[in-house]
Amino acid sequence: MPDNEYDAIVVGSGISGGWAAKELTEKGLKVLMLERGRQHDHIKDYKTATKDPWEFEHRGRTTPEQKKKYPVVHRGWAAQEAVMDAWANEEDCPYTEVKPFTWWRSYRMGGRSILWGRQSYRWSDMDFEANAKDGIAIDWPIRYKDIAPWYDHVEKFAGISGSVEGLSHLPDGKFLPPFDLNFVEKDVAARIKEKYKGNRHMIIGRVANLTAPITGRTQCQFRSRCWEGCPFGGYFSTQSSTLPAAMATGKLTVRPFSIVTKIIYDKDTKKAKGVEVIDAETNQTYEYLSKIVFLNASALNSAWLLMNSATDVWPEGLGSSSGELGHNVMDHHYNLGATGTIEGYEDKYTYGRRPTGFYITRFANMNGDKRDYLRGFGYQGSASREGWSREVAELNIGADFKEALTEPGSWTIGATGFGEILPYHENKITLDKIKKDKWGLPVLSMDAELKENEIKMRKDIVSELIAMFEAAGAKNVNPWETYYSIGQGIHEMGTARMGKDPKTSVLNSNNQVWDAKNVFVTDGACMTSSACQNPSLTYMALTARAADFAVSELKKRNL
């Protein structure tokens with residue numbers, strides 16, 4: 001086989017790209033993984049992970065120069081000294097905002113698999129059936145039974161800790177032992193369950209942090225520094241998990257600094273022949289050929305690549321025949337919730353850290369509950385006891401003040417809601433025909449916003465949380481809300497959705513592009529709706545499922 005020919009090409013090295021590489025190589029294929037950013041090696045390149053806080057030059061803060069160069073990252077919590085070099089260079093890689101859109105990208109090996117929040121939840125039939133039931137957009141072409149075996153498969157390898165709850169709307173999985181709710185959370189959970197007659201559930205968050213060793217990885221060390229890279233492999237990332245497995249086969253080639261600019265389409269065979277790449281350092285152009293192509297560049301970048309692969313056959317891009325490519329942009333809206341104080345636990349204190357908090361599962365618009373909007377939301381939060389940092393030194397002085405800070409403060413509880421965004425056709429991304437990036441490539445133009453359904457839901461997210469906290473005995477319960485624009489939930493989805501009909505969808509039930517059956521899209525772009533659960537576990541399962549199908553079809557010579 002020539003140097004530029006492979007059985008499969010995987011575009012992107014993040015959560016889904018790592019899984020594609022692992023599954024395809026373990027099934028015997030010679031695979032090329034293309035990453036547009038730099039190499040980022042496990043352990044060796046986790047430069048800050050073992051630093052003490054006082055070793056950071058700016059004590060965790062960003063500099064005025066960074067604030068100027070990274071205005072998008074500075075829209076929220078992502079702007080912290082330890083991870084600033086993880087984010088894409090916004091000057092080299094701009095985008096256009098028709099409407100406010102927060103796009104946090106990480107262009108390096110492993111992508112955002114190093115940075116993710118690791119919350120890992122299955123979807124249920126309620127989620128896969130929602131579009132059909134509500135008459136919204138199009139129906140998913142799969143149901144829970146189609147993906148359940150693949151949830152099993154990825155959970156066992158990734159290592160998901162969680163509690164078995166028996167909830168039909170949040171299926172249990174192949175879990176490692178769960179982390180624990182603390183004293184206050186357990187009591188609050190019990191009071192909520194009693195108050196709402198068992199129809200509301202506060203559980204420990206299901207998270208991709210190990211509570212027991214897995215081959216090559218040890219359990220979570222409770223350092224709370226996951227996004228700097230875990231030298232112990234205590235949580236799932238490409239570097240700690242799927243990449244070592246793929247490399248162990250001897251069948252994976254990794255090429256960093258490789259910006260894939262188009263998929264090469266063969267009109268005669270009606271299939272892709274491979275991809276065209278610009279070397280990000282030298283600007284040289286290369287071609288790589290393969291039998292199949294997996295797009296895992298992230299939801300928006302995978303759609304960009306399809307759109308930029310326009311030919312005279314598909315003038316709006318490969319996969320554009322339905323008119324849905326780039327449309328139906330979704331995310332999870334959040335950045336609002338409530339906080340309160342909990343009395344009566346002055347003799348209780350917790351020590352150490354935890355890589356997850358509590359999760360309150362969806363309850364709106366299910367089990368007979370009806371709202372004036374569609375779908376629902378969940379909450380993520382925690383209870384903790386205030387420490388010495390609860391006071392601002394400038395507000396008091398003297399021995400009494402110092403003495404007061406030797407005692408723990410009050411117990412507090414807080415949470416933020418994560419709400420579903422519907423798949424609106426008019427929420428879209430397109431190629432900006434004028435603005436270019438550092439390499440002369442067209443950038444994305446973002447035109448998406450929350451609509452009436454989500455705005456109504458946001459009011460409920462706050463009012464219901466206040467009611468639950470007060471029912472659980474919390475005092476001084478106050479709402480809060482900060483800036484949110486689509487994208488800020490970092491759960492971008494929907495730009496190349498799956499469906500049953502090539503006239504209304506970009507992909508079929510096996511994640512194949514209708515217009516080129518040897519091209520597969522298994523990242524967030526493929527999603528037909530967004531549910532309210534964190535979606536990464538579903539990307540993993542869909543990727544493993546599609547890889548199994550692709551190899552089977554190759555063996556049958558159907559691709």
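Because the structure is predicted, anything quoted here is derived from the model rather than measured. For this chain, numbers begin at 1 and follow the sequence in order.
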> Side-chain contact test, heavy atoms from C-beta onward, threshold under 4.5 Å: evaluate it for S290 versus L32 and give yes or no.
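S290 does not reach L32 side chain to side chain.
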> How far apart are the closest heavy atoms of E420 and S529, and which atoms are they?
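It is OE2-CB, 4.2 Å.
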> Might you point out which heavy atoms bring D172 and R206 nearest each other, and give the distance in Å?
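Smallest interatomic distance, heavy atoms only, reads OD1-NH2, 2.9 Å.
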> With no hydrogens and no angle check, is any side-chain donor or acceptor of T495 less than 3.5 Å from a backbone partner on A299?
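Yes, because the side chain of T495 sits within donor-acceptor range (under 3.5 Å) of the backbone of A299.
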> Checking side-chain contact (heavy atoms from CB on, under 4.5 Å) between V275 and each of T261, I264, V293, which is the one that passes?
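Filter result, single survivor: V293.
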> Is it the case that atom NZ in K503 sees more than 12 heavy atoms from other parts of the structure closer than 6.0 Å?
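Counting neighbours around NZ of K503, 12 or fewer heavy atoms of other residues, nucleotides or ligands fall under 6.0 Å, so no.
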> Search all heavy atoms of G319 against all heavy atoms of L325 and return the closest pair with its distance.
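Here G319 and L325 meet closest at O-CB, 3.9 Å.
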> Spell out, as yes or no, whether a donor-acceptor pair under 3.5 Å connects the side chain of N508 to the backbone of Q512.
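The answer is yes, because a donor-acceptor pair under 3.5 Å joins these two groups.
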> By the definition side chain to side chain donor-acceptor pair (under 3.5 Å), identify the one residue from K451, H327, E454 that meets it with Y424.
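The residue from K451, H327, E454 that satisfies side chain to side chain donor-acceptor pair (under 3.5 Å) with Y424 turns out to be E454.
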> Using the ring of each side chain (for Trp, its six-membered ring), is Y95 parallel, tilted or perpendicular to W103, with breaks at 30° and 60°?
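If you compare the ring of Y95 with that of W103, the planes turn out perpendicular.
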> Could you check whether the rings of W104 and W87 sit parallel, tilted or perpendicular, using 30° and 60° as the cut-offs?
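Tilted, since the angle between the ring planes falls between 30° and 60°.
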> Please step through side chain to side chain donor-acceptor pair (under 3.5 Å) for the pair D92 and Y107, ending with a clear verdict.
CA-CA 11 Å; D92 292 348; Y107 294 158; over 6 Å; no
> For G17 versus M33, what's the shortest heavy-atom pair and its separation?
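The pair with the smallest heavy-atom distance is O-CE, 3.6 Å.
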> Kindly say whether C93 contributes a backbone atom to a donor-acceptor pair with the side chain of R105 at under 3.5 angstrom?
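Side chain of R105 to backbone of C93: a pair is present.
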> Taking the side chain as C-beta and beyond, is there a heavy-atom pair between P423 and I136 under 4.5 Å?
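Yes - at least one pair of side-chain heavy atoms lies under 4.5 Å apart.
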> Can you find a heavy atom in the side chain of N209 that is under 4.5 Å from one in the side chain of C226?
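In short, these two side chains touch, coming nearer than 4.5 Å.
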> Please check this pair: side chain of N308 against backbone of K262, looking for a donor-acceptor N/O pair closer than 3.5 Å.
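Here the side-chain-to-backbone pair does not exist.
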> Who are the side chain to side chain contact (heavy atoms under 4.5 Å, CB included) partners of A208, not counting sequence neighbours?
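Once residues adjacent in sequence are excluded, the partners of A208 under the side chain to side chain contact (heavy atoms under 4.5 Å, CB included) criterion are W116, R118, S120, I160, F236.
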> Do Y484 and I486 pass the side-chain contact (heavy atoms from CB on, under 4.5 Å) test, and can you show the C-alpha distance, the side-chain angles, and the key distance before you say yes or no?
CA-CA 7 Å; Y484 171 83; I486 287 190; 4.0 Å; yes
> Is it true that atom CD of E97 has more than 12 heavy atoms of other residues, nucleotides or ligands lying nearer than 6.0 Å?
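Result for CD/E97: enclosed.
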> Looking at CG of D125 and OG of S168, how far apart are the two atoms once the value is rounded to the nearest 0.5 Å?
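If we round to the nearest 0.5 Å, D125:CG and S168:OG are 9.5 Å apart.
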> Short question: side chain of T211, backbone of P177 - any donor-acceptor pair under 3.5 Å?
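Yes; at least one donor-acceptor contact below 3.5 Å.
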> Does one side chain, of Q119 or T356, offer a donor that lies under 3.5 Å from an acceptor on the other?
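T356 and Q119 do have a side-chain donor-acceptor pair below 3.5 Å.
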> When you check the gap from the basic side-chain N to the acidic O, do K99 and D447 get nearer than 4.0 Å?
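Yes.
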> What's the verdict on salt bridge (Lys or Arg N to Asp or Glu O under 4.0 Å) for D7 and K291, showing C-alpha distance, side-chain angles and the deciding distance?
CA-CA 5 Å; D7 295 318; K291 299 170 185 173; 3.3 Å; yes
> Looking at every heavy atom in both T522 and S16, which two are closest together, and how far apart are they?
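Minimum heavy-atom contact is O-CB, 3.9 Å.
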> Does any donor atom in the side chain of D45 or Q239 lie under 3.5 Å from an acceptor atom in the other side chain?
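Note: D45 and Q239 side chains miss the donor-acceptor criterion.
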> Go through it in stages, so that I can follow the logic: the residues are N510 and E553, the test is side chain to side chain donor-acceptor pair (under 3.5 Å), and I'd like the CA-CA distance, side-chain angles, deciding distance and then a yes or no.
CA-CA 11 Å; N510 292 302; E553 290 294 285; over 6 Å; no
> Apply side chain to side chain donor-acceptor pair (under 3.5 Å) to the pair Q380 and N534, showing each step before the final yes or no.
CA-CA 11 Å; Q380 297 176 27; N534 302 59; 2.9 Å; yes
> Should the ring pair H40 and Y46 be called parallel, tilted or perpendicular, given that the plane angle runs from 0 to 90° and is split at 30 and 60?
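Rings of H40 and Y46: tilted, as their planes differ by 30° to 60°.
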> One thing to verify: whether D266 and K271 come together as a salt bridge, which I'm taking to mean a side-chain N less than 4.0 angstrom from a carboxylate O.
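No salt bridge links K271 with D266.
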> Let's go through D127 and Q533 carefully: what are the C-alpha distance in whole Å and the side-chain angles of both, what is the deciding distance for side-chain contact (heavy atoms from CB on, under 4.5 Å) to 0.1 Å, and is it a yes or a no?
CA-CA 10 Å; D127 303 305; Q533 303 95 302; 3.0 Å; yes
> Using only heavy-atom distances, determine whether the side chains of T538 and Y151 contain a donor-acceptor pair under 3.5 Å.
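There is such a pair (donor and acceptor under 3.5 Å, judged by atom type) between the side chains of T538 and Y151.
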> Side-chain contact, heavy-atom cut-off 4.5 Å: L24 with V10?
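Yes; the side chains approach each other to less than 4.5 Å.
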> Tell me, do Y144 and P171 make a side-chain contact under 4.5 Å, heavy atoms counted?
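Yes, their side chains come closer than 4.5 Å.
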> Are side-chain heavy atoms of L295 and L305 found at a separation under 4.5 Å?
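Touching, per the 4.5 Å side-chain cut-off.
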> Please answer whether the main-chain N or O of P442 pairs with a side-chain N or O of W304 as donor and acceptor at a distance below 3.5 Å.
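Pair found, side chain donor or acceptor close to backbone of P442.
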> Check whether any side-chain heavy atom of R375 lies under 4.5 Å from a side-chain heavy atom of L422, and answer yes or no.
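When only atoms from C-beta onward are counted, L422 and R375 do touch, with a gap below 4.5 Å.
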> Would you mind reporting whether V254 and L243 have side-chain heavy atoms less than 4.5 Å apart?
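Yes, their side chains come closer than 4.5 Å.
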> Step through the shown structure and confirm whether more than 12 heavy atoms of other residues, nucleotides or ligands are within 6.0 Å of NZ on K174.
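No - once you tally the heavy atoms of other residues, nucleotides and ligands closer than 6.0 Å, there are 12 at most.
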> For H491, enumerate each residue passing the ring-ring contact (aromatic ring centres under 6.0 Å, His included) test, keeping only those at least two apart in sequence or located in another chain.
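Once residues adjacent in sequence are excluded, the partners of H491 under the ring-ring contact (aromatic ring centres under 6.0 Å, His included) criterion are H332.
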> Measure from NZ or CZ of R255 to the centre of the six-membered ring of Y288, then state whether that distance is under 6.0 Å and the direction lies within 45° of the axis.
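Output no; distance or angle outside limits.
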> So that I can tick it off, tell me whether E155 and R122 are bridged by a salt bridge, with the cut-off set at under 4.0 angstrom between side-chain N and carboxylate O.
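Yes, this pair counts.
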> Give the intermediate values and the outcome of ring pair (Phe, Tyr, Trp, His ring centres under 6.0 Å) for residues W140 and W123.
CA-CA 12 Å; W140 275 88; W123 286 25; 5.7 Å; yes
> Of the non-hydrogen atoms in S505 and W514, which two are nearest, and what is the gap between them?
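Nearest heavy atoms, S505 then W514: OG-NE1, 2.9 Å.
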> Any chance you could measure S321, atom OG, to W314, atom CH2, to the nearest 0.5 Å?
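S321 OG to W314 CH2: 4.5 Å, rounded to 0.5 Å.
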> Short question: side chain of S445, backbone of D432 - any donor-acceptor pair under 3.5 Å?
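No, because the side chain of S445 does not come within donor-acceptor range (under 3.5 Å) of the backbone of D432.
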> How long is the gap from OG1 on T504 to NE2 on H425, to the nearest 0.5 Å?
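These two atoms lie 11.5 Å from each other.
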> Taking A546's backbone N and O only, do any of them form a donor-acceptor pair with E23's side chain (distance below 3.5 Å, no angle check)?
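No.
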> Determine, stepwise, if the pair T102 / S485 fulfils side chain to side chain donor-acceptor pair (under 3.5 Å).
CA-CA 6 Å; T102 301; S485 62; 2.7 Å; yes
> Should the pair F294 and F520 be assigned to parallel (<30°), tilted (30 to 60°) or perpendicular (>60°) ring geometry?
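Because their plane-to-plane angle is under 30°, the rings of F294 and F520 count as parallel.
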> R38 side chain to E35 main-chain N or O, any donor-acceptor pair under 3.5 Å?
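Here the side-chain-to-backbone pair does not exist.
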> So, the side chain of S124 versus the backbone of M126: is there a donor-acceptor pair under 3.5 Å, distance only?
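Such a contact is found between S124 side chain and M126 backbone.
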> Would you compute the distance between atom NZ of K517 and atom CG of N558 and round it to the nearest 0.5 angstrom?
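Result: 10.0 Å between the selected atoms.
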